[in-house]
Amino acid sequence: MSNSTFSVKYCVLLPIVLIITILLWALPVTAFGIDGLTVVQQRVIALFVFAALMWICEIIPNWTTSLLVIVIALLTVSDKGIGFLCDPQYGTLVGYKSLMASFADPVVMLFLGGFVLAIMAEKYGLDVTMARALLSLFGTRPKMVLLGFLFVIAIFSMFMSNTATAAMMLSFLVPVLSKLPADDKGRVGLALAIPVAANLGGIGTPIGTPPNATAVKFLAEAGYDVTFMDWAVRMIPFVLIMILLAWLLLQLFFPFKSKEIKLEIPENTREKDWKTTVVWITFIGTILLWATEEWTKINSNVVALIPLGVLTMTGIFTKEDIKQINWTVLWLVAGGFALGTCLQSTGLAKVLIDAIPFGSMSIVLVMIVAGVVCYFLSNFISNSATAALLIPILMVVAEGMNLDVAGTRGLISFIAVCASIAMLFPISTPPNAIASSTGMVATKDMTKVGIVVGAVGFVLGYFWLTKLFPFA
């Protein structure tokens, strides 16, 4: 971080955020004009605004903000917080155990299991083996190689971190890009295939990206359970259609000049032993259990812990591997869950429902406005933070509008989609930054593709989840 950036963040933005937060915290309750608002609920409003501004401005890392939100909530609105602040006379307090449980929420465990599988897939060469086998199906014609990269990256991103997938695929692609003529626009298309497919692929499963997990979590809390298979059977076809669109778009904007592209993906040189076999069986078995939840009756979150149990018991997943788990993502998601807990447990959600005339609002208007806000924010801040901020609020809106099961599921899942299709700039997502690091992708090219993919994804996502394949 440059000195000027540091100065702006800590000397300008941070004081502004703190002043706004303290002002909201210290104002008389009557200043909000909300009937029945308590002091505790007022603090939760201040905490929401603090989290939103900190996430948007990124003064400190997003996961740090999430952790800070949980700590502040525990100290100021929980039943085991600071004595003179956490007096029941100020309103209904949040159970401290429920706030701490955010760190071990079932959806956090779902992500944990996904990270374990991804780490083991990389360690034992499953990712390279699968990439080599899948990409070989697409031959050497440039447009087919482009399609192959899009599909393979999308598939990997459904089960692995899209950042890890993008980094791995870039290592395969760099030698190819270096051999293409400098005036071949197809090089730009291939480089952009990485972030486009990684961002879109994550939409396909509940573990593909944190916004999906956040959506599933809050829907489940409202009694609208969405199984792994419920999500996948609706969203994977959506992903495939978007990938085909991206393929046509990249060819249109960046046509190939070369007639042939040869991929040189190294073979997995790791010696195949019993550990590799166990990892393969565990990997495939876990995915099958996720896909057959309706028949086995084993919850997806429970299934996610099976690979952790099997691989630690056999000594395959070691204490060194634990260090590779992306704890920052887990803590970021936990902070969003804690905000949702505060909203519900303090009664603020009900107060807002009673105070705002949601019943007179149009669901179409709410979805469009919320989707646009989510898309806009996700281009500038973490899509995980955006989902953590918006989804708890929209659950309150859905309840206030008396939406049925299909309407609530459609609204919340659409917001998750909007978070993932935001890819206008290098700062929008880590895969975008990885593509930009090649030096072959100009920001204007990334933005041009991002605008079209985002616009089509927004419109298609809305009709897909409300008209074509709604969650019944």
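One is the number of the first residue; the rest follow in order along the sequence. Just so we're clear, the structure is a prediction, and the values are computed from it rather than from any experiment.
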Check your understanding: Got Leu24 and Phe32 here, is their nearest side-chain heavy-atom distance under 4.5 Å?
Key -> yes
Can you give each donor-acceptor pair under 3.5 Å made by side-chain atoms of residues 457-472, sequence neighbours left out, with the distance rounded to 0.1 Å?
unit_1: Trp464; atom_1: NE1; unit_2: Arg234; atom_2: O; d: 2.8
unit_1: Thr466; atom_1: OG1; unit_2: Tyr462; atom_2: O; d: 2.5

Review point. Does the side chain of Ile22 reach to within under 4.5 Å of the side chain of Phe50, using non-hydrogen atoms?
Key: no
Check your understanding: Just by modelled atom types, is the Gly309 backbone N or O under 3.5 Å from a matching donor or acceptor in the Thr312 side chain?
Key -> yes
Check your understanding: Between Ala435 and Met446, which heavy-atom pair has the shortest distance, and what is it?
Key -> CB-CE, 4.3 Å
Review point. Is there side-chain contact between Ile412 and Tyr224, with at least one heavy-atom pair below 4.5 Å?
Key: no
Practice item. Using the side-chain hydrogen bond (donor to acceptor under 3.5 Å, both in side chains) rule, take Ser428 and Asn379 through it: C-alpha gap first, then chi angles, then the decisive distance, then the call. Key: CA-CA 4 Å; Ser428 296; Asn379 274 299; 3.2 Å; yes
Point to revise | Side-chain donor or acceptor of Arg43 paired with backbone N/O of Ala73 under 3.5 Å | key: no
Check your understanding: Does any non-hydrogen side-chain atom of Trp231 lie less than 4.5 Å from one of Ile236?
Key -> no
Check your understanding: Is the backbone N or O of Thr227 less than 3.5 Å from a side-chain atom of Ser300, with the two atoms forming a donor-acceptor pair by type?
Key -> no
**Study point:** Asp105 side chain to Ser102 backbone, donor-acceptor under 3.5 Å
**Key:** no
Point to revise | Test item: Gln344 side-chain N/O and Ala349 main-chain N/O as donor-acceptor pair under 3.5 Å | key: no
Check your understanding: Going through the checks in order, is the side chain to side chain contact (heavy atoms under 4.5 Å, CB included) test met by Val329 and Leu332?
Key -> CA-CA 5 Å; Val329 170; Leu332 173 58; 5.6 Å; no
Check your understanding: Can you tell me how far OG1 of Thr30 sits from CG of Asp35, rounded to the nearest 0.5 angstrom?
Key -> 11.0 Å
Check your understanding: Of all heavy-atom pairs between Asn326 and Phe115, which one has the smallest distance, and what is that distance?
Key -> O-CE1, 3.6 Å
Review point. With a 4.5 Å heavy-atom cut-off, do Phe218 and Phe337 have their side chains touching?
Key: yes
Practice item. Heavy atoms only: give me the nearest Met235-Val417 pair and the separation to one decimal. Key: CE-CG2, 3.4 Å
Point to revise | Main-chain N/O of Thr282 paired to Thr286 side chain as donor or acceptor, under 3.5 Å | key: yes
Review point. Where the side chain of Asn212 meets the backbone of Gly202, is there a donor-acceptor pair that is under 3.5 Å apart?
Key: yes
Check your understanding: For Ile70 and Phe103, what are the C-alpha separation, side-chain angles and deciding distance, and is it a side chain to side chain contact (heavy atoms under 4.5 Å, CB included)?
Key -> CA-CA 10 Å; Ile70 296 175; Phe103 289 112; 3.6 Å; yes
Study note, to complete from the structure: Sorted by chain and number, sequence neighbours left out, ring-ring contact (aromatic ring centres under 6.0 Å, His included) with Phe425 holds for Phe380
Check your understanding: Is the backbone of Trp295 close enough, under 3.5 Å, to the side chain of Thr292 for a donor and an acceptor to pair up by distance?
Key -> no
Point to revise | Asn383 and Thr386: CA distance, side-chain angles, deciding distance, side-chain hydrogen bond (donor to acceptor under 3.5 Å, both in side chains) verdict | key: CA-CA 5 Å; Asn383 59 10; Thr386 303; over 6 Å; no
Review point. Does the side chain of Ile203 come within less than 4.5 Å of Thr209's, by heavy atoms?
Key: no
Practice item. Would you check if Met120 and Leu126 make a side-chain contact, meaning some heavy-atom pair closer than 4.5 Å? Key: no
Exercise for review: State the CG-CD1 distance between Leu150 and Ile155, to the nearest 0.5 angstrom.
Suggested key: 11.0 Å
Study note, to complete from the structure: Taken to the nearest 0.5 Å, the spacing of Leu411 CG from Leu394 CG works out to 5.0 Å
Practice item. Output yes when a side-chain donor or acceptor of Glu399 lies under 3.5 Å from a complementary backbone atom of Ala222, and no otherwise. Key: no
Point to revise | CD (Glu293) with more than 12 external heavy atoms under 6.0 Å | key: yes
Practice item. Would you confirm whether Thr408, through its side chain, and Val405, through its main-chain N or O, come within 3.5 Å as a donor-acceptor pair? Key: no
Point to revise | Leu200 vs Val453, side chain to side chain contact (heavy atoms under 4.5 Å, CB included): CA-CA, chis, key distance, verdict | key: CA-CA 9 Å; Leu200 292 175; Val453 172; 4.2 Å; yes
Check your understanding: So, for Ser98 and Val94, which heavy atoms are closest and what is the spacing to 0.1 Å?
Key -> OG-CG1, 3.6 Å
Revision key, fill the gap. Heavy-atom closest pair (Met160 atom, Ala118 atom, distance to 0.1 Å) is CG-CB, 3.9 Å
Review point. When rounded to the nearest 0.5 angstrom, what distance separates CD1 in Ile153 from CZ in Phe151?
Key: 12.0 Å
**Study point:** Intermediate values then yes/no, side chain to side chain contact (heavy atoms under 4.5 Å, CB included), Val69 and Leu339
**Key:** CA-CA 8 Å; Val69 163; Leu339 282 176; 3.7 Å; yes
Review point. How long is the span from the CD1 atom in Ile60 to the CH2 atom in Trp55, to the nearest 0.5 Å?
Key: 11.0 Å
Check your understanding: Around atom NZ of Lys448, are there more than 12 heavy atoms of other residues, nucleotides or ligands at under 6.0 Å?
Key -> yes
Point to revise | Side chain to side chain, Leu112 and Leu330, heavy atoms closer than 4.5 Å | key: yes
Point to revise | Least distance between heavy atoms, Gly340 atom then Pro392 atom | key: CA-CB, 4.0 Å
Review point. So how far is it from Ile316 CD1 to Ile119 CD1, rounded to the nearest 0.5 Å?
Key: 14.0 Å
